[in-house]
Amino acid sequence: MNIQYKKGILDLLVLAMLQKKDQYGYDISESISMKIEISPGTIYPILRKMKDDGFVTTYLSEVSGGPARKYYHITELGIHQYQKLKQEWNELKTITSYFLEENND
Amino acid sequence: MTKITFIESLKQGLLKHHVHDIDDILTDYEDYFNEQLNLGKSEEDIAKRLGDVKSIIKDYTNSKEQQHKKWFDLVAVGFIAMPLLIMLYGVLIVFAATTLVMWAIGVYYLFQLDTFSFMPYIPMGVHVLYIILSWASAVLFFSLSVRLFSTTKSMTMQYLVKQSIRIGDYHIKPIYQKLLIYSSIVSVLMMIVGYVISSIVAKDFQYWHAWNWFR
């Protein structure tokens with residue numbers, strides 16, 4: 001897949017995961033990098049950017065027997081951002097399929 | 001590359017670029033190593049999968065302009081944003097008070113009260129227009145308050161929590177937008193109709209003199 005596609009959609013994917021429930025940072029990077037071929041090292045800087053923008057917050061959660069894990073939580077601002085990006089994605093999808101179908105004729 | 005060399009070179013790189021809160025960033029990568037080690041992967045493989053340290057560092061420093069602006073933001077928050085916010089909250093209080101007063105004026109004339117001698121005299125019949133006018137203004141100021149409150153709240157979040165100068169995302173329910181438009185229309189309409197009708201009833205274009213409003 002085109003690298004630009006991947007980068008453009010990452011924010012939305014991350015926010016979509018977080019909007020369901022708080023996520024362990026590792027789970028975010030793993031589930032995304034399993035589906036679309038992207039290095040996990042690319043996803044953490046995006047999470048950091050979102051934290052700086054106020055879309056997510058983080059907290060450490062103790063797990064019995066292991067070191068504390070870093071969890072991500074979506075903020076109200078982040079939920080707005082998610083809805084905005086989702087809408088943009090849907091618009092893009094409609095426009096793209098319009099042109100694709102037209103070319104099929 | 002081992003876990004320790006990976007984390008260490010990442011740390012040094014971030015330090016060199018004055019990235020703030022580096023430990024917070026490192027935690028993610030340490031978590032990643034720990035989880036993958038538990039799965040039985042070698043440190044070498046994990047580091048390879050994470051990608052090139054230099055390009056990771058670059059990802060964290062791409063927003064470098066923001067860091068340069070940091071001192072500006074701090075100064076601006078202190079000298080511009082704070083007074084501005086205080087002012088905005090002041091205006092908000094005035095709007096809220098105006099909403100209440102407008103509502104009260106409507107009630108005053110609705111029940112034909114004469115408790116306050118300073119309230120101008122309005123003849124029966126015409127007073128209906130003034131009741132509508134004051135209640136429309138009450139709705140107008142109410143929707144203005146809601147609007148201002150949403151923006152100010154968002155600005156407060158940006159300034160005080162994130163210390164950056166810009167209006168953040170805010171959300172106003174469409175109902176308040178409609179209220180704002182309709183109440184302004186009704187207010188203006190009532191002002192014009194009120195003036196015309198009052199002038200006719202008082203047989204004087206300056207009807208406030210005929211009704212002795214300013215004695």
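Chain letters run A, B, ... following the sequence lines, proteins first, then strands; residues in each count from 1.
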Are B:His20 and A:Asp52 side-chain neighbours, meaning at least one heavy-atom pair lies under 4.5 Å? yes
Check each atom of B:Asp52 against the heavy atoms of chain A and say whether the ones under 4.5 Å are side chain, backbone, both or neither. neither
Within 6.0 Å of CD in A:Glu76, more than 12 heavy atoms from elsewhere: no
Could you tell me which portion of A:Tyr72 (side chain, backbone, both or neither) has an atom closer than 4.5 angstrom to a non-hydrogen atom of chain B? side chain
Show me the pairs that pass salt bridge (Lys or Arg N to Asp or Glu O under 4.0 Å) and involve residues 14-36 of chain A, at least two apart or across chains. A:Glu30-B:Arg49
Under 4.5 Å from any heavy atom of chain B - which part of A:Leu60: side chain
Assess whether atom CH2 of B:Trp208 is packed by more than 12 heavy atoms of other residues, nucleotides or ligands within 6.0 Å. yes
State whether the number of non-hydrogen atoms from other residues, nucleotides or ligands found under 6.0 Å of B:Ile4 atom CD1 is greater than 12. no
Enumerate, atom names and distances included, each donor-acceptor pair closer than 3.5 Å involving a side-chain atom of residues 93-102 of chain B, sequence neighbours excluded.
residue	atom	partner	partner atom	Å
B:Thr98	OG1	B:Val94	O	2.6
B:Thr99	OG1	B:Phe95	O	2.8
B:Thr99	OG1	B:Phe142	N	3.4

Taking side chain as everything from C-beta outward and backbone as N, CA, C, O, which of these in A:Thr42 sits under 4.5 Å from a heavy atom of chain B? Side chain, backbone, both or neither. both
More than 12 non-hydrogen atoms from neighbouring residues, nucleotides or ligands closer than 6.0 Å to CD on B:Gln112, yes or no? yes
Considering residues, nucleotides and ligands other than B:Phe149, do more than 12 of their heavy atoms fall under 6.0 Å from its CZ? no
Can you tell me which portion of A:Tyr26 sits under 4.5 Å from chain B's heavy atoms? Options are side chain, backbone, both or neither. side chain
Side-chain donor-acceptor contacts of residues 185-195 of chain B below 3.5 Å, not counting sequence neighbours, with atom names and distances?
residue	atom	partner	partner atom	Å
B:Ser187	OG	B:Ser183	O	2.7
B:Tyr195	OH	B:Phe205	O	2.9

Which atom pair, heavy atoms only, marks the closest approach of B:Asp59 to A:Gly41? OD2-O, 4.5 Å
Who wins among A:Gly25, A:Ala68, A:Pro40 for the most heavy-atom pairs under 4.5 Å with chain B? A:Pro40
Would the number of heavy atoms belonging to other residues, nucleotides or ligands and lying under 6.0 Å from NZ of A:Lys6 be above 12? yes
Determine which residues belonging to residues 24-36 of chain B lie within contact range of chain A, meaning some heavy atom pair is under 4.5 Å apart, and list them by number or answer 'none'. B:Asp24, B:Ile25, B:Thr27, B:Asp28, B:Tyr29, B:Asp31, B:Tyr32, B:Asn34, B:Glu35, B:Gln36
